[in-house]
**Q** 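This is the structure I have questions about; it appears just below.
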Amino acid sequence: MDANGREVIFSPLRFRNLEVKNRIFRSSISGRFDNEDGSITQTRINWESKFAAGGVGAIISSYVPVMMEGRIIAGYGTVHRDAYIPLWQKLGEAVHAHGAKFIMQLSHSGRQLDLPGIHNKHRIARSATSTREPINGVPCQAMDKAEIAQVVKAFADGAWRAREAGLDGCELHSANGYLFTQFLSSGINDRTDEYGGSLQNRARFLLEVIDAIRHRVGRDFHLQVKLGGVDHNNVMPWDKVGNRIEDAVQIAKWCEAAGVDAIHVSSGSSFPHPLNPPGDFPLDVLSTTYDTMITSGDFGLRNYLMFRYKLLRPIFHWIWFRLKKGHPVEGISLEDARLIKQSVSIPVIVTGGFQHASVITDAIHSGACDGVSIARSLIANNDLVKIWEQGADQPERPCTYCNRCLVNAPKNPLGCYEVDRYDGDYDRMIQTIMSIYSTHADLKIPAEEGLLTR
Ligand SMILES: Cc1cc2nc3c(=O)[nH]c(=O)nc-3n(C[C@H](O)[C@H](O)[C@H](O)COP(=O)(O)O)c2cc1C
Ligand code: SF4
């Protein structure tokens, strides 16, 4: 081991049923690559493959709805039909060709939608609550027990399809404000039945899903849970306070007891949240992209006007940026991960701002986590792991945490929109972003050369 022990980053991480070649996971990054019906495309294969070619140990897929009603937006690949198993298999093979594992993120939006779309616009979103989502104002209706049972089954079926497709595991998207968070959060869940009230009751839905998955796929298939450390639930100053870290620790322990193989720590009761992804929030870009969301919820027009008119921007700026004070960007959830890791014996992965080999090395050696997941720094430099392997601590053109990738995502192709990283060359930036949008009649495994972007 060298002086600072950075070899740990490149050492395998062993889970109960899975070994990943290093400690770097590509965190989920959703974009609209896929077809309206939920079938995946060559563009998706190109997207996921370039991170695998760049050296990460595992890819955690973008948000994959287990049913059409659980989509955030049209154009996300789904896993709600057996007919899609061969397509996911192709994607898994493409990622495996680069020596990386592929973990599918099983998801349901509940009331947190971006663009409802034709498949779910005609029916009101189902949630743990009937209180509308506070940022965009998406209306919703609390699920009854029959509906809960239907969603539990959809998760189990999704996990089974992922296994049939030869994928390496599943992650339950139980963070960032989506359906699981809506059940778990003390600030959101206002039910009075056995799915609301005490923490145990609020965790019932998640634990039922874990149980149903274990019944459907057995104990041998890797299953991890992405969990908010602190959910905050504080974007709107009048919102009721959400779960604390003590709650997350308890939920993690229950997950472990229920047969989960790893915890992936995130934060926030919504996505985005001022602390997730951490960094800037470019309101000028939102003024050109948020128009797609004006009709998504009751507050869409109000928000759009705040982004569009410079005189109104300070209102939103205050709401959003007041919560960032005192929080680091790199390793923002590390201390939450440490507390969770101290309480469970399964591996813990943590997300949020990682870009320096030295920071990740320290995080692992200090016992805060076993590995990290990265989204934006890998969008900026797909081959970040290879850059670290060559000895650098950070890339020459690092991610600036500007969050332009994020606020473009509902409207525009996914990629790095920080034009300074392309020496101010706008055309080169767009060409780089569009490079994955090649189409083929059949799904193909792209060659490594020409795939990576920095
Ligand atoms: C454009 C974009 C899309 C994202 N989509 C998802 C998603 O589908 N599921 C998820 O759990 N997290 C999603 N995230 C959050 C990331 O996976 C990650 O946890 C977060 O950005 C913090 O990590 P980072 O600082 O390395 O970007 C997304 C982030 C970005 C920027
Ligand atoms: S747009 Fe590029 S630089 Fe900005 S946060 Fe996204 S990946 Fe990083």
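Atoms within a ligand are numbered from 1 in the order they appear, just like the ligands themselves.
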**Q** Where's the contact between F271 and ligand 1, heavy-atom distance under 4.0 Å: side chain, backbone, both or neither?
**A** side chain

**Q** Specify the protein heavy atom at minimum distance from atom 6 (Fe) of ligand 2: its residue, its atom name, and the distance to 0.1 Å.
**A** C405 SG, 2.4 Å

**Q** What protein heavy atom is closest to atom 9 (N) of ligand 1, reported as residue, atom name and distance in Å?
**A** Q105 OE1, 2.9 Å

**Q** Provide the number and element of each atom of ligand 2 under 4.0 Å from a heavy atom of N403.
**A** 4 (Fe), 5 (S)

**Q** Pick whichever of S30, P278, S174 has a heavy atom sitting closest to atom 8 (O) of ligand 1.
**A** S30

**Q** Donor-acceptor pair, W88 side chain versus T78 backbone, under 3.5 Å?
**A** yes

**Q** Would you mind running through ligand 1 and noting each atom that sits below 4.0 Å from a heavy atom of L414?
**A** 1 (C)

**Q** Spell out, as yes or no, whether a donor-acceptor pair under 3.5 Å connects the side chain of H96 to the backbone of G92.
**A** yes

**Q** Classify the ring geometry of H173 against Y63: parallel below 30°, tilted from 30° to 60°, perpendicular beyond 60°.
**A** perpendicular

**Q** Is R26 salt-bridged to E48, going by a charged N under 4.0 Å from an acidic O?
**A** yes

**Q** I need the nearest protein heavy-atom contact for atom 4 (Fe) of ligand 2: residue, atom name and distance, please.
**A** C402 SG, 2.3 Å

**Q** Quick one: look at I60 and ligand 1, take heavy-atom pairs under 4.0 Å, and tell me if it's side chain, backbone, both or neither.
**A** neither

**Q** How long is the span from the CD1 atom in I60 to the CD1 atom in I29, to the nearest 0.5 Å?
**A** 10.5 Å

**Q** So, N176 versus S266: side-chain donor-acceptor pair below 3.5 Å or not?
**A** yes

**Q** With heavy atoms of S27 as the reference, note each atom of ligand 1 found under 4.0 Å away.
**A** 16 (C), 17 (O), 18 (C), 19 (O)

**Q** Can you pull out the closest protein heavy atom to atom 8 (Fe) of ligand 2? Residue, atom name and distance to 0.1 Å, please.
**A** C399 SG, 2.4 Å

**Q** Taking the minimum heavy-atom distance to atom 25 (O) of ligand 1, which of A409, G353, G331 ranks first?
**A** G353

**Q** How close does the nearest protein non-hydrogen atom get to atom 7 (S) of ligand 2, and which residue and atom is it?
**A** R376 O, 3.4 Å

**Q** So, regarding A375 and ligand 1 (criterion: nitrogen or oxygen to nitrogen or oxygen, under 3.5 Å), is there a contact or not?
**A** yes

**Q** Tell me yes or no: between the side chains of H232 and D239, is some donor less than 3.5 Å from an acceptor?
**A** no

**Q** Hey, are D247 and R244 close enough for a salt bridge, meaning a charged N less than 4.0 Å from a carboxylate O?
**A** yes

**Q** So which protein heavy atom does atom 27 (O) of ligand 1 come closest to, and at what separation?
**A** R376 NE, 2.8 Å

**Q** Using heavy atoms and a threshold below 4.0 Å, how should the contact between L378 and ligand 1 be classified: side chain, backbone, both, or neither?
**A** neither

**Q** Which heavy atom of the protein is the closest neighbour of atom 22 (C) of ligand 1, given with residue, atom name and distance?
**A** T351 OG1, 3.5 Å

**Q** So, is C416 placed with an N/O/S atom under 2.8 Å from atom 6 (Fe) of ligand 2, counting both backbone and side chain?
**A** no

**Q** Look at atom 30 (C) of ligand 1 and say which protein heavy atom is nearest, naming residue and atom and giving the distance to 0.1 Å.
**A** L406 CD1, 3.9 Å

**Q** For R202 and S186, run side chain to side chain contact (heavy atoms under 4.5 Å, CB included): C-alpha distance rounded to whole Å, both residues' side-chain angles, the deciding distance at 0.1 Å, then the answer.
**A** CA-CA 8 Å; R202 301 199 308 274; S186 56; 3.7 Å; yes

**Q** Which ligand 1 atoms does Y63 reach within 4.0 Å, using its non-hydrogen atoms?
**A** 8 (O)

**Q** Do we see a donor-acceptor contact under 3.5 Å between the side chains of Q42 and N46?
**A** yes

**Q** Strictly below 4.0 Å, N to O, side chains only: are R397 and D423 in salt-bridge contact?
**A** yes

**Q** Counting each atom of ligand 2 from 1 as listed, which ones have a heavy atom of Y417 under 4.0 Å away?
**A** 1 (S)

**Q** Only heavy atoms of N276, strictly under 4.0 Å: list the atoms of ligand 1 that pass.
**A** 20 (C), 22 (C)

**Q** What do you reckon, does I332 put a non-hydrogen atom under 4.0 Å from ligand 1?
**A** no

**Q** If only side-chain N and O atoms count, and only distance matters, is there a donor-acceptor pair under 3.5 Å linking R338 with S366?
**A** yes

**Q** Thinking salt bridges, do R71 and D37 make one under a 4.0 Å N-O criterion?
**A** no

**Q** Using 30° and 60° as the class boundaries, would you call the ring planes of F316 and F307 parallel, tilted or perpendicular?
**A** perpendicular

**Q** Minimum distance, heavy atoms only, to atom 12 (N) of ligand 1: which one of R26, H264, K226 is it?
**A** K226

**Q** Let me know which of V372, I245, V350 forms a side chain to side chain contact (heavy atoms under 4.5 Å, CB included) with S333.
**A** V350

**Q** Would you say H173 has any N or O atom under 3.5 Å from an N or O of ligand 1, going by distance alone?
**A** yes

**Q** For the pair Y304 and Y290, name the ring-plane relationship: parallel under 30°, tilted 30 to 60°, perpendicular over 60°.
**A** parallel

**Q** Using a heavy-atom cut-off of under 4.0 Å, does the side chain or the backbone of V329 touch ligand 1, or both, or neither?
**A** neither

**Q** Any idea which atoms of ligand 2 are less than 4.0 Å away from a heavy-atom of Y401?
**A** 5 (S)

**Q** Can you find a non-hydrogen atom of G352 under 4.0 Å from ligand 1?
**A** yes

**Q** If I take atom CG from residue L172 and atom CD from residue Q224, how far apart are they, to the nearest 0.5 angstrom?
**A** 9.0 Å

**Q** What is the nearest protein non-hydrogen atom to atom 16 (C) of ligand 1, stated with its residue, atom name and distance?
**A** S28 O, 3.4 Å

**Q** Counting non-hydrogen protein atoms only, what is the nearest one to atom 2 (C) of ligand 1? Give residue, atom name and distance.
**A** I29 CG2, 3.7 Å

